[in-house]
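This is a predicted model, so every value here is computed, not measured. A, B, ... follow the sequence lines: proteins, then strands. Residue 1 opens every chain.
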Number of protein chains: 2
Amino acid sequence: MKNIPFATIERVAKYLRCLKRLDEKKVKVISSKELAEHTKTTPEQVRKDFSYFGRFGKTGTGYDVKKLARKLESILKTQKKWNVAIIGAGALGSALARYPGFKESGYDIKVLFDNDPEKIGKKISGVEVVDIKKFGDTVKKKNIQIAIAAVPKESVNELEEAIAKSSIRGVINFVPVTLNFKTRRKIFIIDVDLAQKLYIMTYLIKRGKGMK
Amino acid sequence: MKNIPFATIERVAKYLRCLKRLDEKKVKVISSKELAEHTKTTPEQVRKDFSYFGRFGKTGTGYDVKKLARKLESILKTQKKWNVAIIGAGALGSALARYPGFKESGYDIKVLFDNDPEKIGKKISGVEVVDIKKFGDTVKKKNIQIAIAAVPKESVNELEEAIAKSSIRGVINFVPVTLNFKTRRKIFIIDVDLAQKLYIMTYLIKRGKGMK
DNA sequence: CTTTGTGAAAATGTTCACAGCC
DNA sequence: GGCTGTGAACATTTTCACAAAG
């Protein structure tokens, strides 16, 4: 298997989202052209992306929606159930705990962590808030592989320490700070910087209207 | 001016975030090497990125933190104040209204929109919730250029219609659906698909541990 | 006649290597 | 010595163009 572009993986996730919606709408078959229209890319790109993983299409017809979705799920390892923890039970962490898209995609929010005694022990959208001091133990007991970081940036040290000492494999990071874990094992980090999106947007807007 | 890679713009936003923090910590000067360490890239990449826009450094010394930050702000057009609306006053929309990082970066959340009569008229973190039916008028009156979409995917049609008819220039889209505006003018879209981040994470984790 | 799958070409983005400056 | 700025080399990613299949 050749080396797969990271951008391809990002698009595969997008295709999968789209296919699931089409399946709900009872669409049986889709061509690369249609799928490209739905996901704002080109038919060639769609076909090239799939070609990294095998041949799923029928010439002259297109792709079977259900079969293709299953195939993409296996590429993204979604078939396994994943357990997720959210660190930070503030506004953002609580909103993420309520976000319906995670469960729909096969990810289970098992627990929230916080350091505020007011919040510890309460439940948010059915998810218990646990003391961040119990992070390592809870993660092990509940078999959690992924953490979502949603603490204020002032609490980032406590968060880094808790994650470094735990068995967490990956972090989706909403804190606008570059995380640094003092550990030798590999922890994957995906940054989601909300303010950065706005920076990029204003750049696009200003450049878009003939600023050259 | 040459054609600037989009990836460079994304990194510039990251550099800026980092520089602002350094400035708060009273750091005066920084080298490309140090900045690269803070932002998880390479010194050559940092210098190359800046070279698209001019020469900001001092040979043998590095970059003046304050001056460089101002320069990057002007690249990203942050010096202008931008007004932002959030559509959807649910958990996610409310959390975004409270998110401190937007104001810190020069973006003002002026108003929230919703279609729920229960919510309309209330205030969330000092921001008023307005009827989505008044979208066009309110956007014009408050001089809003950017919308953040945070509605449940069932309400996406109402959202698309409101935005299409308004003077909004760009949308940060948290709804896990590909937006389609029925209008001829260009509306920039930046998708933030939260579930997609988890898909990518599980792919990285599984591939990471010797899946080849 | 339609649509897939894929090498080859083109375009885009990153790293190297070093000249020039402090 | 230490660091920036940048063409050139290299690597990656996308687009093209067309053979093969239903």
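Remark: C1' of C/dT14 and CZ of B/Phe50 are 16 Å apart, rounded to the nearest angstrom. The nearest whole Å value for the distance from the CZ atom in B/Phe53 to the P atom in D/dG5 is 13 Å. Atom CZ in A/Arg47 sits roughly 16 Å away from atom P in D/dA21 (whole-Å rounding). Taking atom CG of residue B/Asp49 and atom C1' of nucleotide D/dT6, one finds them 13 Å apart after rounding to whole Å. Atom-to-atom, NZ of A/Lys48 to C1' of D/dT13 comes out at 10 Å; the value is rounded to the nearest Å.
Between A/Lys165 and A/Glu161 there is a salt bridge, with a side-chain nitrogen of the basic residue lying less than 4.0 Å from a carboxylate oxygen of the acidic one. A salt bridge links B/Lys153 with A/Glu104: the distance from a Lys NZ or Arg NE/NH1/NH2 to an Asp or Glu carboxylate oxygen falls below 4.0 Å.
Counting only N and O atoms by type, the side chains of A/Ser31 and A/Glu34 include a donor and acceptor under 3.5 Å apart.
Against DNA chain C, the stretch residues 29-42 of chain A makes heavy-atom approaches under 4.0 Å through A/Ser31, A/Ser32. Annotation: proximity of residues 55-64 of chain A to DNA chain C (heavy atom, distance under 4.0 Å) is found for A/Arg55, A/Phe56, A/Gly57, A/Lys58, A/Thr59, A/Gly60, A/Thr61, A/Gly62, A/Tyr63, numbered in ascending order.
Shown here for B/Val46 and B/Thr41, the closest heavy-atom pair between the two residues is CG2-CG2, 3.9 Å.
For the salt bridge (charged side-chain N to carboxylate O under 4.0 Å, His left out) with A/Asp23, the lone residue among A/Arg70, A/Lys66, A/Lys67 that qualifies is A/Lys66.
Here A/Lys197 contributes atom NZ and B/Ile172 contributes atom CD1; the two are 8.0 Å apart, rounded to the nearest 0.5 Å. A distance of 10.5 Å separates CG in A/Leu68 from CD in A/Glu73, rounded to the nearest 0.5 Å.
Between B/Phe56 and B/Tyr63, the ring center distance fails the sub-6.0 Å criterion.
For residues 10-49 of chain B, every residue pair satisfying the ring-ring contact (aromatic ring centres under 6.0 Å, His included) rule, not counting sequence neighbours, is listed here: B/Tyr15-B/Phe50.
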Tabulate protein N/O versus nucleotide N/O from nucleotides 9-13 of chain C, keeping only pairs under 3.5 Å, one per line.
none

Give every donor-acceptor pair under 3.5 Å between a side-chain atom in residues 142-151 of chain B and any protein atom, sequence neighbours left out.
from	atom 1	to	atom 2	distance (Å)
B/Gln145	OE1	B/Asn83	N	3.1
B/Gln145	NE2	B/Asn143	O	3.4

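Contacts of B/Lys110 classified as salt bridge (Lys or Arg N to Asp or Glu O under 4.0 Å), with partners at least two apart in sequence or in another chain: B/Asp108.
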